[in-house]
Amino acid sequence: MNKQLILTLVGAIGIVLALVLGSSVSAQQIVSVDPGDAWLDASEGYQEKVTWRVASHGGAASPRGVFVNLDNSQELAVVDRILEFSGNRGEVTETVQISAQQVHQWHAQGVRRVGYRRVFAGAAGSLSNHILFDLDASGRLAQVQASPEQQTVSGKSRQMMLAWNLNSDLGSISAHSESGQFMVGDRVVYEVLEPLSAEGDSRLNETVTLPPGLINELVANGIYQVRYTRTFVDDKDTRRSASVNIRLTQ
């Protein structure tokens with residue numbers, strides 16, 4: 001075997017060993033958390049079991065968990081609970097809790113992205129990871145109000161103007177209403193097939209024109225009161241409805 005071939009083989013073996021050893025070293029320092037992203041309900045807060053999976057040669061421990069504002073690294077709250085393992089790999093669990101009061105307090109302070117972070121330290125060094133909470137995405141449609149709540153519509157004008165006021169319990173929301181219904185009791189007497197969409201806390205104006213003859217027909221049948229209702233559904237499938245009471249005249 002010539003000298004050049006020997007040198008080539010030695011170099012190749014060295015590269016393989018470096019790759020193997022490098023991957024072994026990097027494998028000693030890994031931390032993951034499940035879930036990594038979490039959604040919390042602004043009206044109920046958050047309480048879920050989370051799992052930290054850690055690879056650190058010789059074991060590692062995390063003395064506390066910290067809630068931080070991810071936009072400026074400011075500490076918001078501390079959880080004094082030790083998580084630790086021995087050996088080279090470990091899986092440790094804990095229940096992470098955020099109260100609804102904390103959510104609203106942080107949001108009022110301008111916090112939008114919260115991380116629950118842990119640092120695991122051991123003989124091989126320290127490493128960290130966090131769970132992400134997006135506060136702006138945590139709100140739900142809390143209330144829908146119609147104004148004015150009372151109206152009079154005649155058979156001559158057949159038109160009414162109103163506004164829908166949508167409010168969330170935290171941050172911005174997306175909500176949608178497919179249609180509006182004129183109701184007599186539980187019976188739909190006319191449907192407005194025109195959708196309305198809202199982003200955030202919104203005021204949606206709507207003008208509705210009833211078809212010719214409908215009001216006179218209802219009055220002729222002794223119906224002088226109807227209700228115009230819309231149901232809005234947000235992107236988390238929260239449903240809220242509101243109505244306008246309408247007096248009919250010829």
Side-chain angles (χ1 to χ4, degrees), residues 26-27 29-56 60-85 89-122 124-144 165-176 197-204 232-240:
S26 63
Q29 288 287 289
I30 299 172
V31 58
S32 65
V33 57
D34 182 25
D37 297 326
W39 179 83
L40 57 87
D41 188 325
S43 61
E44 298 182 4
Y46 182 85
Q47 182 173 325
E48 295 292 339
K49 183 178 179 180
V50 301
T51 301
W52 301 87
R53 295 181 177 89
V54 189
S56 184
S62 172
R64 65 177 192 162
V66 182
F67 290 99
V68 296
N69 182 346
L70 291 179
D71 293 323
N72 59 16
S73 298
Q74 177 187 1
E75 288 192 6
L76 301 172
V78 174
V79 177
D80 289 316
R81 183 185 304 123
I82 298 174
L83 299 180
E84 58 187 337
F85 70 96
R89 292 180 180 273
E91 183 175 293
V92 287
T93 62
E94 66 174 319
T95 299
V96 175
Q97 299 181 67
I98 307 175
S99 69
Q101 181 180 359
Q102 280 180 306
V103 175
H104 287 272
Q105 181 181 347
W106 290 341
H107 195 271
Q109 294 171 351
V111 180
R112 296 297 178 263
R113 297 188 313 132
V114 173
Y116 179 64
R117 178 176 294 157
R118 275 193 177 273
V119 177
F120 287 84
S126 63
L127 62 166
S128 68
N129 208 333
H130 68 261
I131 308 168
L132 169 65
F133 299 92
D134 185 344
L135 298 193
D136 264 347
S138 301
R140 288 180 180 268
L141 180 60
Q143 185 182 51
V144 178
N165 298 298
L166 282 69
N167 298 298
S168 70
D169 58 3
L170 183 81
S172 61
I173 53 163
S174 297
H176 185 78
S197 296
E199 294 290 336
D201 290 357
S202 301
R203 178 184 174 91
L204 299 174
F232 289 84
V233 184
D234 70 11
D235 53 1
K236 302 173 187 68
D237 204 33
T238 305
R239 297 171 178 267
R240 297 287 183 267

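FYI, side chains are in, hydrogens and waters are out, and symmetry mates aren't considered; it's all heavy atoms of this structure.
For the pair L170/H104, a side-chain contact is recorded, criterion being any heavy-atom separation below 4.5 Å from C-beta on. Proximity of T51 to V92: side-chain heavy atoms (C-beta onward) are nowhere separated by under 4.5 Å. Between V68 and R117 there is a side-chain heavy-atom pair separated by less than 4.5 Å. Counting heavy atoms from C-beta on, the side chains of R112 and H107 come closer than 4.5 Å. Using a 4.5 Å heavy-atom threshold, the side chains of T238 and F232 count as separate. Two residues are said to be in side-chain contact when any heavy atoms from C-beta on lie closer than 4.5 Å; L132 and Y116 fail this criterion. Side-chain contact between L40 and V103 is present, with at least one heavy-atom pair separated by less than 4.5 Å.
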* **Intermediate values then yes/no, side-chain contact (heavy atoms from CB on, under 4.5 Å), V54 and R89** => CA-CA 6 Å; V54 189; R89 292 180 180 273; over 6 Å; no
* **Residues F67, V78; criterion side-chain contact (heavy atoms from CB on, under 4.5 Å); working and verdict** => CA-CA 6 Å; F67 290 99; V78 174; over 6 Å; no
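F120 and A60 get closest at one heavy-atom pair: CB-CB, 4.1 Å. Of all heavy-atom pairs spanning G139 and A42, the tightest one is CA-CB, 4.3 Å. The two residues S56 and G125 have their closest heavy-atom pair at OG-O, 4.5 Å. Closest approach of L204 to S197, counting heavy atoms only: CD2-O, 3.3 Å. The two residues S128 and V31 make their nearest non-hydrogen contact at O-CG1, 3.4 Å. Across all non-hydrogen atoms, the minimal contact from A77 to W106 is CB-CZ2, 4.3 Å.
Atoms CG and CD, on L76 and Q105 in that order, are 9.0 Å from each other to the nearest 0.5 Å. With rounding to the nearest 0.5 angstrom, the CG atom of L141 is 4.5 Å from the CD1 atom of I173. Considering CG of L135 and CG of L70, their distance stands at 9.5 Å, rounded to 0.5 Å. One distance of note links NZ of K236 with CH2 of W39; it measures 6.0 Å at 0.5 Å rounding. Rounding to the nearest 0.5 Å places CD of Q143 at 11.0 Å from OG of S168. For the atom pair CD (E199) and OG (S174), the distance works out to 3.5 Å, reported to the nearest 0.5 Å.
Contact check on D71 versus R113 returns a salt bridge, with a Lys/Arg side-chain nitrogen under 4.0 Å from an Asp/Glu carboxylate oxygen. One finds a salt bridge joining R81 and E94 here, because a Lys/Arg side-chain nitrogen approaches an Asp/Glu carboxylate oxygen to under 4.0 Å. Salt-bridge annotation for E84 and R118: absent, with no side-chain N of the basic residue lying under 4.0 Å from a carboxylate O of the acidic one.
Under the side-chain hydrogen bond (donor to acceptor under 3.5 Å, both in side chains) criterion, D237 pairs with no residue at all, not counting sequence neighbours.
Ring to ring, F133 and Y46 are close: their centroids are under 6.0 angstrom apart.
At least one donor-acceptor pair closer than 3.5 Å links the side chain of S62 to the backbone N or O of V119. Within the 3.5 Å criterion, the main-chain N or O of G122 finds no donor-acceptor partner in the side chain of S126. Side chain of E44 to backbone of D41: no donor-acceptor contact under 3.5 angstrom is found. Counting only distance, with no hydrogens or angles, the side chain of D169 and the backbone of R140 share a donor-acceptor pair below 3.5 Å.
With a 6.0 Å radius and a threshold of 12 heavy atoms from other residues, nucleotides or ligands, Q109 has its CD atom above the threshold.
No hydrogens or angles considered: nothing links the side chains of D234 and H176 as a donor-acceptor pair under 3.5 Å.
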